[in-house]
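The block underneath contains the structure these notes are about, expressed in structure tokens.
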Amino acid sequence: MKARLPRGFVDRSPDDIRAVDRMVGKIREVYELYGFEPADQPLIEYTDALGKFLPDQDRPNEGVFSFQDDDEQWLSLRYDLTAPMARFVAENFEKLPKPFRSYRSGWVFRNEKPGPGRFRQFMQFDADTVGTPGVAADAEMAMMMADVMEAVGIARGDYVIRVNNRKVLDGVLEAIGLGGDDNAGRRLTVLRAVDKLDKVGPEGVRDLLGKGRLDESGDFTKGAGLDAAQADRVLLLTSSTGDDLAGALAAMRGAVAGSARGEEGVQELADIGAMVAAAGYDDGRIKIDPSVVRGLEYYTGPVYEAELLAEIPNDEGKIVRFGSVGGGGRYDGLVSRFRGEPVPATGFSIGVSRLMTALKNLGKLDTSDVIQPVVVLVMDKDTESLGRYQKMVSDLRRAGIRAEMYLGGAGMKAQLKYADRRGCPVAVIQGGDEREKGEVQIKDLIEGARMSAEISDNAEWRAARPAQVTVPETDLVAEVKKILDAQAADRAGQ
RNA sequence: GCCGUUGUAGCUCAGUUGGUUAGAGCGCCGGAUUGUGGAUCCGGAGGUCCCUGGUUCGAGCCCAGGCAACGGUACCA
């Protein structure tokens with residue numbers, strides 16, 4: 001049997017786990033501050049509850065991990081947090097206060113081909129407001145997202161929350177004659193093309209809107225088959241980006257002219273823009289940007305996306321465009337499909353794993369403040385001695401110091417090596433000699449490592465017993481504390 | 001799905017026109033040092049050369065098919 005990790009999954013390191021915990025804690029503080037309540041749903045739901053796009057009956061695992069229960073009903077691992085949230089709200093609708101404002105974090109799963117920075121299991125952190133149709137809720141989402149970015153340490157100017165409205169896109173499509181059910185497929189193709197604006201540029205999008213595009217890898221993507229005038233109108237819309245809000249809105253009005261739905265969308269964006277400006281978030285934190293598409297299906301109104309602008313080196317040191325670390329929008333149909341009545345809702349999702357990677361590559365992740373445990377070496381293995389070592393770690397723990405008794409089978413040398421490798425700050429040694437005198441030897445491993453750089457002869461190194469003191473056993477805790485404090489002061493001074 | 005690159009020790013990789021016991025560095029284990037981390041020196045363990053078939057007296061190397069990983073692209077509710 002070969003031990004192997006399934007592709008698209010990762011084993012998480014202690015540093016990673018601690019860093020994510022901290023980051024999630026900062027995000028939670030923002031959500032709580034805005035008045036959202038914690039909630040949690042299971043990782044598994046009935047497949048049909050996860051979305052209107054059910055897995056193909058013949059291929060139930062396409063895109064989502066699915067399996068059949070005893071009663072042959074299909075179950076799936078959730079692929080986002082929104083669908084389970086919608087199920088929960090619909091099921092408990094009468095009991096919940098409306099608007100219902102909740103947040104949740106957890107693992108989601110996608111059965112897709114993994115890529116760099118894309119995994120088959122990853123963590124999201126969502127906030128949602130259910131039961132309010134007004135765009136004030138959408139404006140709040142965008143602003144909260146900006147606050148989250150800054151709370152996790154991304155400087156103002158290094159990110160932007162881009163806001164669009166699905167109604168505007170729909171309006172343009174309607175205006176160029178792509179309305180109606182017959183054109184659903186082509187509309188989708190157009191949206192996909194627009195979504196690739198930042199990747200392939202305006203000319204690439206034009207190709208995708210027209211006949212199609214051949215990319216560098218030799219793969220041909222079939223286009224939407226629009227004529228030049230139609231493509232122009234779509235491109236007009238996507239190029240009216242909002243540094244100048246009034247100008248952008250005017251350009252958008254031109255692009256959607258003739259579509260009531262489109263004009264409604266522009267008006268909503270104007271309202272959001274006004275609210276954002278009134279709250280002071282129009283200083284570059286939040287921008288109206290008609291090229292944001294955000295997913296393809298369930299959004300019905302405003303959509304928003306958090307994008308990192310900072311130049312971020314990847315693991316190989318290459319500068320990469322990191323792009324989106326989160327997004328969301330209004331999904332007025334998601335809850336209502338479980339109920340007979342319309343239930344408006346809006347929310348957003350943060351890609352925790354992606355955001356973590358970005359912070360790590362930006363060097364903004366504090367990971368090193370966890371002190372490894374003090375190790376009490378085991379010199380004698382008779383029950384009485386073991387009890388004595390056990391009391392030492394117990395005393396240290398009572399003083400709030402991480403400590404462990406060495407539990408392996410190795411000799412002293414290997415025990416010190418173990419402590420060294422784990423990065424332990426201090427080792428405590430008590431053999432027969434010390435025990436008779438009621439003493440312990442305490443070794444400062446950090447200082448010792450530093451001194452070792454100046455000694456090249458092993459005999460001298462060992463005789464010197466660098467950074468080591470002998471104290472009465474009763475002073476153990478006080479002495480260890482002293483060394484740890486000195487190390488802490490040293491770290492702070494650097 | 002499509003295109004491309006790569007599969008040799010735990011890791012990173014050499015390996016000549018096809019030639020006998022497949023190597024290096026790092027790491028790991030042990031010793032020098034019965035009770036002191038690091039450095040140094042010495043020693044040791046560790047291999048289905050991705051798999052299957054073919055060509056050949058002979059294949060890590062050549063050929064065909066497969067598998068896997070990586071990268072790009074498409075899809076991503």
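Lettering follows sequence order; numbering is per chain, from 1.
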Identify the heavy atoms of A:Phe36 and A:Asp128 that sit nearest to each other, and give their distance.
CE2-O, 3.4 Å

Give me the ring orientation class for A:Phe9 and A:Phe65: parallel if the planes are under 30° apart, tilted from 30 to 60°, perpendicular past 60°.
tilted

Whole angstrom is fine here: how far is it from [atom1] in [X] over to [atom2] in [N]?
| X | N | atom1 | atom2 | value |
| --- | --- | --- | --- | --- |
| A:Asp195 | B:C76 | CG | P | 9 Å |
| A:Glu112 | B:G1 | CD | P | 14 Å |
| A:Met451 | B:U36 | CE | P | 17 Å |

Closest nucleotide of RNA chain B for A:Lys196 versus for A:Pro114: which of these residues is on the 5' side?
A:Pro114

Tell me which of A:Lys443 and A:Arg421 sits closer to the 5' end of RNA chain B, going by the nucleotide each one is nearest to.
A:Arg421

Residue [X], side-chain heavy atoms: nucleotide from [options] that is nearest:
| X | options | answer |
| --- | --- | --- |
| A:Tyr79 | B:U73, B:A77, B:U36 | B:A77 |
| A:Leu416 | B:C75, B:A77, B:U36 | B:U36 |
| A:Met412 | B:G35, B:C75, B:G1 | B:G35 |

Taking 4.0 Å as the cut-off, does a side-chain nitrogen or oxygen of A:Arg192 come that near to OP1 or OP2 on B:C76?
yes

Please state whether the phosphate of B:U36, meaning OP1 or OP2, lies under 4.0 angstrom from any side-chain nitrogen or oxygen of A:Arg465.
no

Rounding to an integer number of angstrom, what distance separates B:G54 and B:U16 when you compare their C1' atoms?
25 Å

When rounded to the nearest Å, what value does the distance between P atoms of B:A45 and B:A64 take?
40 Å

Touch class at under 4.0 angstrom, heavy-atom based, for [X] against every strand present:
| X | result |
| --- | --- |
| A:Ile429 | base |
| A:Gln441 | base |
| A:Asp444 | base |
| A:Lys199 | sugar-phosphate |
| A:Gly411 | nothing |

Under 3.5 Å donor-acceptor pair, [X] side-chain atoms to [N] base atoms:
| X | N | value |
| --- | --- | --- |
| A:Asn458 | B:U40 | no |
| A:Glu434 | B:G35 | yes |
| A:Gln468 | B:U36 | yes |
| A:Arg118 | B:C76 | yes |
| A:Lys417 | B:U36 | no |
| A:Lys413 | B:G30 | no |

Residues A:Glu384, A:Arg435; criterion salt bridge (Lys or Arg N to Asp or Glu O under 4.0 Å); working and verdict
CA-CA 11 Å; A:Glu384 195 199 324; A:Arg435 185 163 55 247; 5.4 Å; no

Which nucleotide, in any strand shown, forms a Watson-Crick or G-U wobble pair with [N], with both distances under 3.5 Å?
| N | answer |
| --- | --- |
| B:G53 | B:C63 |
| B:G43 | B:C29 |
| B:A74 | none |
| B:A24 | B:U12 |
| B:G58 | none |
| B:A69 | B:U5 |

Take A:Glu45 and A:Arg87 through the salt bridge (Lys or Arg N to Asp or Glu O under 4.0 Å) test and state the conclusion after the steps.
CA-CA 9 Å; A:Glu45 296 277 351; A:Arg87 186 228 90 216; 2.6 Å; yes

